[in-house]
Protein chains: 2
Amino acid sequence: MTFDRELLRGSLELMVLGELQSGARYGYQILTSLSSRSCGRVNIKAGTLYPILHKLEQESCVRTWWDEQGGRDRKWYALTEAGEARLRRNATEWFDYAATVQMLLAPLLDSLSIARPVVADSGQPPARLPQVDAQALRPPNSRDF
Amino acid sequence: MTFDRELLRGSLELMVLGELQSGARYGYQILTSLSSRSCGRVNIKAGTLYPILHKLEQESCVRTWWDEQGGRDRKWYALTEAGEARLRRNATEWFDYAATVQMLLAPLLDSLSIARPVVADSGQPPARLPQVDAQALRPPNSRDF
DNA sequence: CAACTATATATAGCACGGCAATATATTCGG
DNA sequence: CCGAATATATTGCCGTGCTATATATAGTTG
């Protein structure tokens, strides 16, 4: 709790794709499901969700259909294969990002008293390398921020 | 590597504050130091850094002075107490954010084969709660995304 | 039964953050 | 001597997420 909305920028599409991974959902259900599963921390607004879903649909990452039960119609969304690939890629990206930030913040955990360092490094690379010039050490295909 | 720039949004101020925690730095030094310490992954551009520094200065989170050695003058930045407090708060926020996202992504690690789940949960709360209505369970002072 | 809240989807416009581009000036290496 | 690296700064653009608004139905409460 108590964190800036700006942090979530760039990971919202990943959150939405993640909700769909366990099966088809309709829009409003994604809102409540995300809020519930995050213990009320991630409360995406409708005006944020629907544009994301429409973009995913346009890019064929989800297939959709209407459940017209008379009255409050629901639009259902399910991952396509392209959507699953996108989810995998986005998730991998996020873990790379989180590991990098965590590595940079690691020295702080000792000197400052951070209340809840709930995320810990698993011991895998990227390793906590010293101040070497890393530009030259990087694999050629890696993309920057 | 290979991750979207949008992910870094909202955590850049934290990165900059983090660089200053180990001592005073001048602007250009922050660029190279961040790039180096992140193994070339976080390459903030000058057009991004200086506005952040100016904002921090304006908010009295850093104190500054010029090193006028004739010619290429350097502007040095050092954390104030307010800056340290800001750093602590931002870092705590980030760990909350990362723990939350990680909790939401946890089911994926089993079903999809994510290449490098380098960030692992430390076992601390927030716990992997089931689909309860969490809205009611939250402490009153917590802020949402 | 009326009013309000929750369910359900959609879109236009705004705010803000980070980047590209540009400007200026000095120092170092080839 | 000229280009690259060092060093700081600003303007304008673009993408993302939110606010506000619109529409419609179902349930709940006074």
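Following rounding to the nearest Å, B:Tyr77 (OH) and D:dA9 (P) show an atom-to-atom distance of 5 Å. When rounded to the nearest whole Å, the span between CD of A:Glu68 and P of D:dA24 equals 16 Å. One atom, CG of B:Leu53, and another, C1' of D:dT8, lie 10 Å apart when rounded to the nearest Å. The nearest whole Å value for the distance from the CG atom in A:Leu8 to the P atom in D:dT16 is 14 Å. What separates CD of B:Glu6 from P of C:dC19 is a distance of 9 Å, to the nearest Å. A straight line from CZ of B:Arg72 to C1' of C:dC28 spans 7 Å, rounded to a whole angstrom. Rounded to whole Å, the distance from CE on A:Met15 to P on D:dG17 is 11 Å. Taking atom CG of A:Asp67 as the reference point, atom P of C:dT9 lies 10 Å away to the nearest angstrom.
Within the structure, a side-chain polar atom (N or O) of A:Arg74 is placed less than 4.0 Å from OP1 or OP2 of C:dA8. A:Tyr26 has a side-chain polar atom (N or O) that falls below the 4.0 Å cut-off from OP1 or OP2 of C:dA8. Between A:Lys45 and D:dA20 there is no side-chain N or O to OP1 or OP2 distance below 4.0 Å. Within the structure, a side-chain polar atom (N or O) of B:His54 is placed less than 4.0 Å from OP1 or OP2 of D:dT10. Contact between the side-chain N/O atoms of B:Tyr28 and the OP1/OP2 oxygens of D:dT8 is not found at any separation under 4.0 Å. Under 4.0 angstrom from either OP1 or OP2 of C:dA10 there lies no side-chain N or O belonging to A:Tyr50.
B:Gly47 comes within 4.0 angstrom of a base, heavy atoms only. B:Trp76 comes within contact range of no nucleotide atom at all, as no heavy-atom separation falls under 4.0 Å.
Put simply, the side chain of B:Arg9 and the base of C:dG18 share no donor and acceptor less than 3.5 Å apart.
Using modelled atom types and a 3.5 Å distance limit, the side chains of B:Ser60 and B:Arg63 yield no donor-acceptor pair. Side-chain contact of A:Ser11 with B:Tyr97: a donor-acceptor pair under 3.5 Å is present, judged by distance alone.
Each of B:Leu12 and A:Gln29 was matched to the nucleotide of DNA chain C holding its nearest heavy atom; the match closer to the 5' end belongs to A:Gln29.
Separation of atoms CH2 (B:Trp76) and CZ (B:Arg74) is listed at 6.5 Å; rounding is to 0.5 Å.
B:Leu17 has its side chain out of reach of B:Tyr77: every pair of non-hydrogen atoms, C-beta onward, lies at least 4.5 Å apart.
Under the side-chain contact (heavy atoms from CB on, under 4.5 Å) rule, B:Ile44 has a single partner from B:Ile52, B:Leu34, B:Ile30, which is B:Leu34.
When distances run from any side-chain atom of A:Thr48 to the nucleotides D:dG17, D:dT8, C:dT11, the shortest one goes to D:dG17.
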